[in-house]
Q: 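Before I ask anything, here is the structure I am working with.
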Amino acid sequence: EVQLVESGGGLVQAGGSLRLSCVASGFTFGDYARGWFRQAPGKEREGVSFITNSRIGNSAGSTYYADSVKGRFTISSDHAKNTVYLQMNSLKPEDSAVYFCAAKFYHGTFRLGARDYPYWGQGTQVTVSS
């Protein structure tokens with residue numbers, strides 16, 4: 001059974017930092033794209049950042065960032081711990097949302113639609129005060 005468990009959310013002032021963690025079990029990290037979506041009240045769930053270690057298309061180590069977080073967020077992974085991290089710096093109030101870890105088998109490109117991901121964590125709240 002595939003399980004994703006997030007941690008690391010919280011309340012932080014604008015300009016501050018948080019690090020989210022997502023521990024996975026039940027699948028081999030290298031074959032999957034894993035990453036983060038976020039959903040603010042009244043808004044659609046949006047893809048934030050993804051990473052894969054798949055060898056398909058020579059993609060090992062490839063990452064994706066939404067334009068809104070480029071230069072501020074960094075995604076990384078620890079294969080030994082089967083964990084993906086999202087380091088979030090220079091946080092803004094508009095980053096406030098529930099952040100979800102997600103995973104899908106990687107076929108060569110990062111998919112940005114939430115419907116494409118079959119595996120989800122329970123979500124962790126990130127609140128950035130102004």
Q: Quick one: do Asp95 and Lys92 make a salt bridge, cutoff under 4.0 Å?
A: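 No, this pair does not count.
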Q: Any donor-acceptor pair under 3.5 Å linking the side chain of Ser77 with the backbone of His79?
A: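 Answer holds: no.
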Q: Are Thr63 and Phe110 side-chain neighbours, meaning at least one heavy-atom pair lies under 4.5 Å?
A: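 When only atoms from C-beta onward are counted, Phe110 and Thr63 do not touch, as no gap falls below 4.5 Å.
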Q: Glu94 versus Ser130: any side-chain heavy-atom pair under 4.5 Å?
A: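 A side-chain contact under 4.5 Å is absent here.
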Q: For Gln39 and Tyr99: C-alpha separation, side-chain torsions, deciding distance, then whether side chain to side chain contact (heavy atoms under 4.5 Å, CB included) applies.
A: CA-CA 7 Å; Gln39 188 167 22; Tyr99 283 69; over 6 Å; no
Q: For residues Phe73 and Val48, determine if any side-chain heavy atom of one lies less than 4.5 Å from a side-chain heavy atom of the other.
A: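 Answer yes - side chains close enough.
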Q: Have Ser17 and Asn89 got a donor and an acceptor in their side chains that come within less than 3.5 Å?
A: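 Side chains of Ser17 and Asn89: pair found under 3.5 Å.
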Q: State, yes or no, whether a side-chain contact exists between Lys81 and Val23 at a heavy-atom distance under 4.5 Å.
A: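 The answer is no; the side chains never approach within 4.5 Å.
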Q: Are the side chain of Thr52 and the backbone of Tyr32 linked by a donor-acceptor contact shorter than 3.5 Å?
A: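 Checked: pair present.
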Q: Kindly determine whether Phe100 and Phe37 satisfy ring-ring contact (aromatic ring centres under 6.0 Å, His included), including the steps that lead there.
A: CA-CA 5 Å; Phe100 296 90; Phe37 286 79; 8.6 Å; no
Q: CZ/Arg72 to CE/Met88 distance, rounded to the nearest 0.5 angstrom?
A: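 Rounded to the nearest 0.5 Å, the CZ-CE separation comes out at 9.5 Å.
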Q: With a 4.5 Å limit on heavy-atom distance, are the side chains of Tyr119 and Cys101 in contact?
A: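 No. Closest side-chain heavy atoms not under 4.5 Å.
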Q: What closest approach, in Å, do Gly9 and Thr124 show between heavy atoms, and which atom pair accounts for it?
A: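 Smallest interatomic distance, heavy atoms only, reads N-OG1, 3.2 Å.
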Q: Might you point out which heavy atoms bring Thr83 and Ser21 nearest each other, and give the distance in Å?
A: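 Closest pair (atom of Thr83, atom of Ser21, distance): CG2-CB, 4.3 Å.
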Q: For the residue pair Asn53 / Arg34, report whether a side-chain donor-acceptor contact shorter than 3.5 Å exists.
A: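 Arg34 vs Asn53: no donor-acceptor pair found between side chains.
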Q: Using a strict threshold of under 4.0 Å (side-chain N to carboxylate O), is an ion pair present between Arg55 and Asp31?
A: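 No, no charged N to carboxylate O under 4.0 Å.
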Q: Decide yes or no on side chain to side chain contact (heavy atoms under 4.5 Å, CB included) for Tyr85 and Asp78, but give the supporting numbers first.
A: CA-CA 8 Å; Tyr85 303 97; Asp78 184 330; 3.9 Å; yes
Q: What are the two closest non-hydrogen atoms of Pro118 and Asp116, and how far apart are they?
A: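 That would be CD-O, 3.4 Å.
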Q: Got a second to check how far Glu6's CD is from Cys22's SG, nearest 0.5 Å?
A: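 SG of Cys22 is found 5.5 Å from CD of Glu6.
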Q: Yes or no on side chain to side chain contact (heavy atoms under 4.5 Å, CB included) for Tyr117 and Phe50, after CA distance, side-chain angles and deciding distance?
A: CA-CA 12 Å; Tyr117 287 76; Phe50 303 97; 3.4 Å; yes
Q: Is there a side chain to side chain contact (heavy atoms under 4.5 Å, CB included) between Leu86 and Ser49 once you walk through the steps?
A: CA-CA 8 Å; Leu86 186 67; Ser49 183; 4.0 Å; yes
Q: Side chains of Val84 and Ile51: does their closest heavy-atom pair fall under 4.5 Å?
A: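 With C-beta onward as the side chain, the pair touches.
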Q: Indicate yes or no: at least one non-hydrogen side-chain atom of Leu91 is less than 4.5 angstrom from one of Leu18.
A: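 Yes, side chains in contact.
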Q: Can you confirm whether more than 12 heavy atoms, excluding those of Arg111, are under 6.0 Å from its CZ atom?
A: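 Counting other residues, nucleotides and ligands, CZ of Arg111 stays at 12 neighbours or fewer.
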Q: Indicate if Val2 and Phe105 have the same hydrophobic cluster label, given that clusters are the connected sets of ILVMFWY residues with side-chain heavy-atom separations under 4.5 angstrom.
A: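 Yes, Val2 and Phe105 fall within the same hydrophobic cluster.
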Q: Side-chain contact test, heavy atoms from C-beta onward, threshold under 4.5 Å: evaluate it for Glu46 versus Arg38 and give yes or no.
A: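 In short, these two side chains touch, coming nearer than 4.5 Å.
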